[in-house]
Amino acid sequence: MQTRTQDNDQVARRYEELEHLESAGVLAYPYAFDKTHSAAAAKSQYQDDTPELTVAVAGRIVGIRRMGKASFVHIQDDSGRLQIYLKKDDLPDYDQFRLYDIGDIIGAAGYMFRTRTNEVTLHARSFTLLTKCLSPLPIAKEEIDEEGNRIVHDQFADKEMRYRQRYVDLAVNPEVRDVFRKRAKLITTVRRYLDQRNYLEVETPVLHTMYGGAAARPFASHLNALDIPLFLRISLELNLKRLMVGGFEGVYELGKNFRNEGIDKTHNPEFTMLELYVAYRDYMWMMEMTEEMLTEVVMAVNGSLHVTAANGATLDFTPPYRRATMHGLIAEYTGKDIEGMDLASLRALAHEQGVHTDATMGIGKVIDEIFSEKVQPHLVQPTFVMDYPEEMVPLAKPHRSKAGLVESWELIINTQELAPCFSELNDPRVQRRRFTEQAKLRDAGDDEAMLIDEDFLRALEVGMPPAAGMGLGIDRLTMILTGEESIRDVIFFPMMRPDERRDAGGSDAAAADETAG
RNA sequence: GAUCUCGUAGCUCAGUUGGUUAGAGCAUCUGACUUUUAAUCAGAGGGUCCUGGGUUCGAGUCCCAGCGAGAUCACCA
């Protein structure tokens, strides 16, 4: 039987040290530790002229400087780093510290003081092993230069290893934890904003017998109990609308969607969406609300309404954001008014503009292509793009005054689509027609066109009140607010191709297949 | 899916025109050191050069195929 995940001299030595410690009576994996202070609190509560401050702290060893009969250790906890001074005269088991390593999790108790080099430090009266680190951690060395800049030497930087072993990345690269703290702040701020307005947070199934609500390819599975095909949801939309039919006037869900499509800097197969539906409101109302909510979120996460994006652009979230119609923007960037154009004329325009189209594309997709290529790359500041063509948005209500368009907008920030919204289509007759048109597109070869969902149509027949609905891509907003340029840097465990060389073992695929059948 | 780039010690990286036993810093080990902080000083160990073929007297280096990653493009709310 394999006893160690890795086998090199450093791992072997640490296993030996662990045995030495245990044979000396040390409990290598104890059950708890009475921690009184975080590293940050211990430092901030210390004042040179006050009485002795005694603390008990715990954290991972990130640096050791042994000096014979005394040692300096830096530990790191959730709040930051703290130096600990270990002195043989004060510690009967000092010699045992020889068997401690970088990466070990320890507890220490003592009193705070300031060293000769002016660092507030814990003078330990006791220390204890809390968890042995058996795999060497690539903790980088840091120094502070004359100007106070933090210089990190030989930082653990291999992106593949950082994503595959995120626990190591988080343990040794403190700034990575900050990204995810911001992500959490974003989500809690959104939730608080919506809860304060009495919208109901709900959970709807991830497993769908029929997928819908967006144009995307699904993940397919199989439900053994009923012997039926099953799909992971590609959007939250249709079930939330069913809840509106049931009488909830404001519902939202924060959850994962799954799309069986490409993986790149802005796409992960599973990603987090907010969807919100509010009865008796329309898309213009939702625009105001979204603007207000985003302003609050940006302030909470970023501390300012000016955000520096990964590509260096400065994004200004001061409301109001720009509002422009899709037709207006296309006219602005191509010089052509597409209002009322038929498919042939649109194809000709696309060709003239150097935009590629193919035979499977209907009017909606051709316009989408022109917009994506000629307009969207110019939209850096937050912009509400309004009034999409009907063919592009099968679940939105026809525009109250503009024929052929729907009441919808998409918020674009830094050329990225971030949040779609419609006045929700609730006329079952129109919805059936739109679904039928989607079915034709599907027959024409568009494998992302929507399916006809008879139960959803029945729900609309029961009656859904007029409502506005909005979706918000949480991962992409996190990217913008943290200045990360890859979605993988805002998802703890992004999808990676399995590493068979590194993870070869007895478990996984074969066994899973057996139970799946 | 296409193209380009990369894969060498636990980590970060060198490695010349193809040529002796593949190097450095950190980490690790041994020794010294009771206020250090990229601690310092002396010594030591550690390699599937991503994998498999090929060319060659000789391959980390050149060629082919594969695996993995990154970037760009294509696709994609």
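No hydrogens, no waters, no symmetry mates; every other heavy atom, side chains included, goes into these values. Naming convention: chains lettered A, B, ... in sequence-line order (proteins, then strands); numbering from 1 in each chain.
- Within 4.0 Å of Ala140(A), counting heavy atoms only, lies no atom of the nucleic acid at all.
- Distances shorter than 4.0 Å separate some side-chain N or O of Arg65(A) from OP1 or OP2 on A39(B).
- With hydrogens and angles ignored, no donor-acceptor pair closer than 3.5 Å exists between the side chain of Asn8(A) and the base of G10(B).
- Residue side chain Glu119(A) does not reach the base of U36(B) through any donor-acceptor N/O pair under 3.5 Å, judged by distance alone.
- In this structure a side-chain-to-backbone donor-acceptor pair under 3.5 Å is missing from Asp387(A) to His327(A).
- Nucleotides C49(B) and U40(B) are separated by 32 Å at their P atoms, to the nearest Å.
- Within the 4.0 Å cut-off from OP1 or OP2 of C29(B), at least one side-chain nitrogen or oxygen of Arg13(A) is found.
- Residues Lys440(A) and Asp443(A) are not paired through a salt bridge, judged by the lack of any N-O separation under 4.0 Å between the basic side chain and the carboxylate.
- Side chain Asp9(A) to base U28(B): no donor-acceptor pair is found below 3.5 Å.
- Nucleic acid contact for Glu410(A): base, since at least one base atom lies under 4.0 Å from a heavy atom of the residue.
- Centre separation under 5.5 Å together with a plane angle under 30° holds for the ring of His153(A) and the six-membered base ring of A38(B), marking them as stacked.
- Evaluation of atom-type donor-acceptor distances gives no pair under 3.5 Å for the side chain of Arg116(A) against the base of U35(B).
- Counting non-hydrogen atoms under 4.0 angstrom, Ala215(A) reaches the backbone sugars and phosphates but no base.
- Between C67(B) and C26(B), the two C1' atoms lie 30 Å apart (nearest whole Å).
- Nucleic acid contact class of Glu17(A) (heavy atoms, under 4.0 Å, all strands): sugar-phosphate only.
- The pair Asp89(A)-Lys69(A) does not meet the salt-bridge criterion, since no charged nitrogen lies less than 4.0 angstrom from a carboxylate oxygen.
- The pairing partner recorded for G23(B) is C13(B), the criterion being a Watson-Crick or G-U wobble arrangement whose two distances lie under 3.5 angstrom.
- With both pairing distances under 3.5 Å, A69(B) is matched to U5(B) as a Watson-Crick or G-U wobble pair.
- Taking the six-membered ring where the residue is Trp, the centroids of His208(A) and Phe231(A) are separated by 6.0 Å or more.
- Note on Glu261(A): only backbone sugar-phosphate atoms sit closer than 4.0 angstrom, heavy atoms only; bases stay farther off.
- In terms of phosphate contacts, Lys141(A) brings no side-chain nitrogen or oxygen within less than 4.0 Å of OP1 or OP2 of G25(B).
- Contact annotation for Arg66(A): base contact, defined as any heavy-atom pair under 4.0 Å involving a base atom.
- Using a 4.0 Å heavy-atom distance criterion, Lys87(A) is classed as a base contact.
- Rounding to whole angstrom units, CD1 of residue Ile234(A) and P of A77(B) are separated by 9 Å.
- Across G52(B) and G10(B), the matching C1' atoms stand 27 Å from one another, rounded to whole Å.
- Within the 4.0 angstrom heavy-atom criterion, base atoms lie near Asp89(A).
- Note on Arg164(A): every side-chain N or O is 4.0 Å or more away from OP1 and OP2 of G68(B).
- Judged by atom type and distance alone, Glu142(A) does not reach the base of A38(B) through any side-chain donor-acceptor pair under 3.5 Å.
- Within 4.0 Å of Tyr163(A), counting heavy atoms only, lie sugar-phosphate atoms of the nucleic acid but no base atom.
- Residue Phe371(A) is classed as having no contact, given no heavy-atom separation below 4.0 Å to the nucleic acid.
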Apply the test side-chain contact (heavy atoms from CB on, under 4.5 Å) to residues Phe422(A) and Lys397(A): give CA-CA distance (whole Å), side-chain angles for both, the deciding distance (0.1 Å), then the verdict.
CA-CA 7 Å; Phe422(A) 334 129; Lys397(A) 211 168 200 173; over 6 Å; no
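- The residues Arg125(A) and Glu52(A) are annotated as salt-bridged, a charged nitrogen and a carboxylate oxygen being separated by less than 4.0 angstrom.
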